[in-house]
Amino acid sequence: MSPSATEHVVQCVSQTHTHTHTQRQPSDQCVVCYFGIWICFHVFATRGCVYLCVCVCVWCADLLSLDSMNPEERKRQGYIHELIQTEQTYVQDLELVMEVFYKPMAESGWLTEAEMCVIFVNWRELIMCNTKLLKALHVRKKAGGERMPVQVIGDVLSSELPHMQAYVHFCSCQLNGAALLQRRTDASDDFKLFLKKLATNHLCRGMPLCSFLLKPMQRITRYPLLIRNILENTPAGHLDQANLREALERAEDLCLQVNEGVRQKENSDRLEWLQNHVQCEGVIEYLVFNSLTNCLGPRKLLHSGRVWKTKSSRELWVFLFSDFLLLTQTSKQLVSSSDRLFSPTSSAVYKLYKLPLFLNEVLVKMPSDPSSDDPIFHISHIDRVYTLKADSINERTTWVQRIKAASEHFIETEKLKREKAYQARSQKTSGIGRLLVTVQEAIELKPCKPNGKSAPYCELSMGAQCYTSRPHRHAVNPKWNFSCHFFIKDVYQDVLCLTVFERDRFSPDDFLGRTEVPVATIKKEQDRHGPLVQRLLLHEVPTGEVRVRLDLQLYEQALPL
């Protein structure tokens, strides 16, 4: 952490000699920071004398300005210097990786281009982010004078930290990169020796590639600490106070985003693993684990593990997702450690024991005697009860709590969605009339599922007002006969929208077509013919029509004189 390429004033002391000289390069023997002054200790011999050299790095101010500072300001300047200097060292390490490791590895042919991308992810983007930050810090330092204290630093940090989103992607993929590098190293002694030889470069300071690959995560989690140290030594009323508080908030937010990205990547990897190891024959709809749910956003794997049925002692492997519970059984007894859940080398195959149990239809209960040592719990689903036994009492508690929480969240989300739609429909309005709509049927819809089966429904909307018909199972020509009404606010601006969807339970509903009718068009046709029955062509799909009945009723005060 000692300054580089910075002029030092060196006080050389021995029993018989005391003198001062100027040195261009700092000592790297021993470095300490005391109230903003970085001091290097080293020993050297010349003309038969041994000297203890104390290198005082006057990086932030000249000696007179340091003497005039109070202890708190000296500490503040020391922490500002620590931020700038460690940022410079970090950028040098990022660039070192490209020169010492990346280029030789890419040219060696040991790894494919895809494997290089997995290991180094977006390393060049990290260099760009931190080089930009470092330049901004250097500009701020020079603006006040090379040897003068830095008065304001928080605005630079709060401005630059939001542009470091590349870390979210890198940190979320870093574990996969480290695992791939370890596998390739374990598989080849020659490759291991190749990497070891690269690490002998004196610039690496004895550190292997894997250590450098950890530095981005270490750096991003260190920013809040560095900023907090500066803030705590910035007096109240200082013009940098507000900037530093904002910078600290943004640094902490960036860390949260990184942590969430890591969790999401782990979740995504596990969902992909399940896609390759769970056979889903018998499910009406093709199940994609790593996808959006119908109403809960991206699917999450909340818990997994082994349980047993109490009556038959059948071993089941259970996976709790954010929207459903999956009971599976293995096709063989798992005896190898490589067959453990989510192991990349696992060859285990899981088969469905029952169709997925959607959590808005599930009720989980503890046994009648929860103090019993037998870790049993009950899952009720519609008209059936599953009595299961966990590995331990603690594991049973985990299953019960997580299933209950996920079920309640699912039900509450659906409830809020219904309430929002109801409030939009029932909101009092100073409209000028209403439109009565009956969606009678659809004709020649094009189903999205490979088996040709479909459960289409129609969504009708006008602004915030929205209605949805019931799905019609297994029909490409569904007859809904669904009626609703809309309040009209402006005859010449309001538009009736009809969208047909195919109901999916494991993913967002599929689009089967959309059509629109301006209320002005309805009025014009109705003035000539009365209430309309029309067949409307669905757009953005190969085939499909909907048949609707439209009756526009304008209030008397809205009619022209």
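Note that the numbering runs from 1 along the sequence shown for the chain.
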Run the side-chain donor-acceptor check on residues 191-203: report pairs under 3.5 Å with partners two or more places apart or on a different chain.
{"residue": "Thr200", "atom": "OG1", "partner": "Lys197", "partner atom": "O", "Å": "2.4"}
{"residue": "Asn201", "atom": "OD1", "partner": "Leu203", "partner atom": "N", "Å": "2.8"}

So, Glu115 side chain and Thr112 main chain: donor-acceptor pair closer than 3.5 Å or not? yes
Heavy-atom count around Lys404 NZ within 6.0 Å, excluding the residue itself: above 12? no
Quiz question: by atom type and distance under 3.5 Å, do the side chains of Thr86 and Arg222 form a donor-acceptor pair? no
Any side-chain donor-acceptor pair under 3.5 Å between Asp186 and Gln182? yes
Assess whether atom CD of Glu249 is packed by more than 12 heavy atoms of other residues, nucleotides or ligands within 6.0 Å. no
Any side-chain donor paired with an acceptor under 3.5 Å for Asn233 and Glu72? no
Minimum heavy-atom distance Cys255-Thr221, with the two atoms named: SG-CA, 3.8 Å
Other residues, nucleotides, ligands: >12 heavy atoms within 6.0 Å of Glu540 CD: no
Are the side chain of Trp273 and the backbone N or O of Ser343 linked by a donor-acceptor pair below 3.5 Å? yes
Think Arg228 forms a cation-pi with Tyr79, using NZ or CZ under 6.0 Å from the six-ring centre and within 45 degrees of its axis? no
Quick one, Glu266 with Arg263, criterion salt bridge (charged side-chain N to carboxylate O under 4.0 Å, His left out). Give me CA distance, side-chain angles, the key distance, then yes/no. CA-CA 5 Å; Glu266 180 182 29; Arg263 285 193 293 269; over 6 Å; no
Taking only residues two or more places apart in sequence, or in another chain, which ones meet Asp323 in a side-chain hydrogen bond (donor to acceptor under 3.5 Å, both in side chains)? Arg299
Looking at every heavy atom in both His277 and Ala348, which two are closest together, and how far apart are they? CD2-O, 2.9 Å
Is there a donor in the side chain of Asn130 and an acceptor in the side chain of Tyr167, or the other way round, less than 3.5 Å apart? yes
Do Ser291 side-chain atoms and Val288 backbone N/O form a donor-acceptor pair below 3.5 Å? yes
For the side chain of Arg250 and the backbone of Arg245, is there at least one donor-acceptor N/O pair under 3.5 Å apart? no
Is it true that His303 and Glu395 share a donor-acceptor pair across their side chains at a distance under 3.5 Å? yes
Stepwise, does the side chain to side chain donor-acceptor pair (under 3.5 Å) test hold for Gln88 with His138? CA-CA 10 Å; Gln88 180 167 314; His138 280 166; 3.2 Å; yes
A quick test of your reading: do over 12 heavy atoms of other residues, nucleotides or ligands sit less than 6.0 Å from CD of Gln218? yes
Do Arg396's NZ or CZ and the ring of Phe377 fall within the cation-pi criteria of under 6.0 Å and 45°? no
Is a side-chain donor-acceptor pair under 3.5 Å present for Tyr102 with Glu107? no
For Gln329 and Glu315, test the side chains for any donor-to-acceptor distance below 3.5 angstrom and give the result as yes or no. no
Distance only, no hydrogens: is a donor on one side chain within 3.5 Å (strictly under) of an acceptor on the other, for Glu414 and Asn360? yes
Checking side-chain polar atoms at under 3.5 Å, does Asp509 have a donor or acceptor matched by the opposite partner on Asn294? yes
Quick check against the 3.5 Å criterion: does Ser188 have a side-chain atom that pairs as donor or acceptor with the backbone of Arg184? no
Any sub-3.5 Å donor-acceptor pair from Thr413's side-chain atoms to His409's backbone N or O? yes
Backbone N or O of Val349 within a donor-acceptor pair of the Gln279 side chain at under 3.5 Å? no
Quick one: does any side-chain atom of Gln77 pair with a main-chain N or O of Val150 as donor and acceptor, under 3.5 Å? yes
Evaluate the ring pair (Phe, Tyr, Trp, His ring centres under 6.0 Å) criterion for residues Phe289 and Phe321: first the C-alpha distance (whole Å), next the side-chain angles of each, then the deciding distance (0.1 Å), finally the verdict. CA-CA 9 Å; Phe289 289 104; Phe321 301 93; 5.5 Å; yes
Test side-chain hydrogen bond (donor to acceptor under 3.5 Å, both in side chains) applied to Thr499 - qualifying residues, sequence neighbours left out: Arg514
For residues Phe101 and Phe120, establish whether the separation of their ring centroids is below 6.0 Å. no
Determine whether a donor-acceptor pair (N or O, by modelled atom type, separation under 3.5 Å) exists between the side chain of Ser407 and the backbone of Leu359. yes
Side chain of Trp123, backbone of Leu94: donor and acceptor closer than 3.5 Å? yes
